[in-house]
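Please read the structure below before turning to the comments.
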Amino acid sequence: MLLEDKETLVIVEWLAQKNLNKRNHSGVWIKSEVNVDNVVSWASLPNTGRRQSAVIIPYVKGLKGKDALLLIEKSKKLRHHAGQMAFPGGAREDKDVTPLDTALRELHEEVGISPERVEVVEALPKEYVYSSDFVIYPYLAYIDGEDLFGSITLDEEELAAAVLVDIKRLPVPPKFRWKRTLQGVIVYPEFYLSPERTVWGATARMLWRFLRRYYYERR
C-alpha cells in the first residue's frame, strides 16, 4: 500500500501486507555486471570473527524534483533488530562472492529492486553493529525515481514498511546521543523521521557519513 505523508520527512511509504506480493526468490537472483572501484571478494577480506554483511544506500534521484533515500523498517516480529530503520541489506550467504553481491541480492529480496535497475557508484567505509557483532560493507547506488513506482514489493516476513525520505529535510547536523558499553563510550547520531520512526545506530552513522561526504560536499 502506498501512502503520501506531507507532515514528516517521509515522502512515500510502502506498507507490507500479509500474503500480498509474496515472492519466491529461488532461481531469481541475477548478478549485476558493475564497474566499481574497491569491490573485493569476501575471501580476500580479513576474518576478524565478526559476522559479515553488506547494504545498499539507495539514492533515489528524479522523484518529482526531490532527492530521496530509500530505507526499510524491519518487522517487529524479527528476533534481531526488530522494528528498526535500516538500509536494504543483510548477512553474507555462501553463494555471494563479494560484499556487493550480498548487498544487491538483499536489495532484490527485501524490496524487489533488481540489480539491473541500480547504478552502483562506490564502496563506502565499513561500519560496525556493536549489539550483534556485525561488520557492514555499504555501497552507494543511484536509482531512477520515476522508474521506482510499481517495482517495490516488500518481503513481508522481514519488513514492515519501506519509506522514501527527503534528503534536504534531514537535520544537519543531527542530534547526537551517547551510550556506555563494555568497549567504552559510543557516540552516535539520531535522525527523526516521524513520530513512529527514528534512524539510529549503525544506520544513522552511515547516513551521517553519506550526508557529510557524499551529498553536501559534492554538490
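Count residues from 1 along the sequence.
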With sequence neighbours left out, write down each residue that passes side chain to side chain donor-acceptor pair (under 3.5 Å) with [X], or none if nothing qualifies.
X	answer
E93	R105
W208	none
Q52	R92
S41	S44

- Item | side chain to side chain contact (heavy atoms under 4.5 Å, CB included) evaluation trace for L140 with V120 | CA-CA 6 Å; L140 176 63; V120 181; over 6 Å; no
- Find out if a path of hydrophobic residues (ILVMFWY) with successive side-chain heavy-atom gaps under 4.5 Å connects V12 to Y192.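 The answer is no; the residues belong to distinct hydrophobic clusters.
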- Message: Using the rule that Ile, Leu, Val, Met, Phe, Trp and Tyr join whenever any side-chain heavy atoms are under 4.5 Å apart, tell me whether I152 and I56 fall into a single cluster.
- Response: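 Yes, I152 and I56 fall within the same hydrophobic cluster.
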Of all residues at least two apart in sequence or in a different chain, which pass the ring pair (Phe, Tyr, Trp, His ring centres under 6.0 Å) check with [X]?
X	answer
F87	none
W42	Y137
Y142	Y59

Taking the side chain as every heavy atom from C-beta outward, state whether [X] and [Y] have any atom pair closer than 4.5 Å.
X	Y	value
R197	V163	yes
P125	R213	yes
P173	P189	no

Minimum heavy-atom distance [X]-[Y], with the two atoms named:
X	Y	result
G90	E106	N-CG, 3.4 Å
Y139	P99	OH-CB, 3.6 Å
E110	G89	OE1-N, 3.0 Å
Y128	A202	O-CB, 3.5 Å
A16	L154	N-CD1, 3.6 Å
L9	R169	CD2-O, 3.3 Å

Distance, nearest 0.5 Å, that separates [atom1] of [X] from [atom2] of [Y]:
X	Y	atom1	atom2	answer
D67	K61	CG	NZ	7.0 Å
L159	T153	CG	OG1	10.0 Å
L193	E13	CG	CD	11.0 Å
L70	L148	CG	CG	6.5 Å
L69	F191	CG	CZ	10.0 Å
L15	E156	CG	CD	12.5 Å

- Name all residues meeting the salt bridge (Lys or Arg N to Asp or Glu O under 4.0 Å) criterion together with E158; count only those two or more places apart in sequence or in a different chain, and write none if there are none.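 In terms of salt bridge (Lys or Arg N to Asp or Glu O under 4.0 Å), with neighbours along the sequence ignored, E158 is linked to no residue.
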- Task: Quick one: which residue pairs count as a salt bridge (charged side-chain N to carboxylate O under 4.0 Å, His left out) with a foot in residues 171-187, not counting sequence neighbours?
- Result: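 Qualifying pairs: R177-E190.
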- Under 3.5 Å, side chain of T203 to main-chain N/O of W200, donor-acceptor pair present?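 Here the side-chain-to-backbone pair does not exist.
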- Query: Just by distance, do the side chain of D96 and the backbone of T98 share a donor-acceptor pair under 3.5 Å?
  - Reply: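 No.
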- Message: Could you go through I72 and M85, starting from their C-alpha distance and side-chain angles, then the distance that decides it, and tell me whether this counts as side chain to side chain contact (heavy atoms under 4.5 Å, CB included)?
- Response: CA-CA 6 Å; I72 58 174; M85 302 300 299; over 6 Å; no
- Query: Hey, mind stepping through E127 and R209 against side chain to side chain contact (heavy atoms under 4.5 Å, CB included) and telling me if it holds?
  - Reply: CA-CA 10 Å; E127 187 56 77; R209 182 180 291 115; 3.6 Å; yes
Those residues that, when tested against [X], pass side-chain contact (heavy atoms from CB on, under 4.5 Å) (two or more places apart):
X	value
D144	E146, D147
A68	I11, V60, L164
R51	S132, F134

- Message: Applying salt bridge (charged side-chain N to carboxylate O under 4.0 Å, His left out) to K77 and E157, what does each step give before you reach the verdict?
- Response: CA-CA 8 Å; K77 298 178 181 179; E157 297 298 326; over 6 Å; no
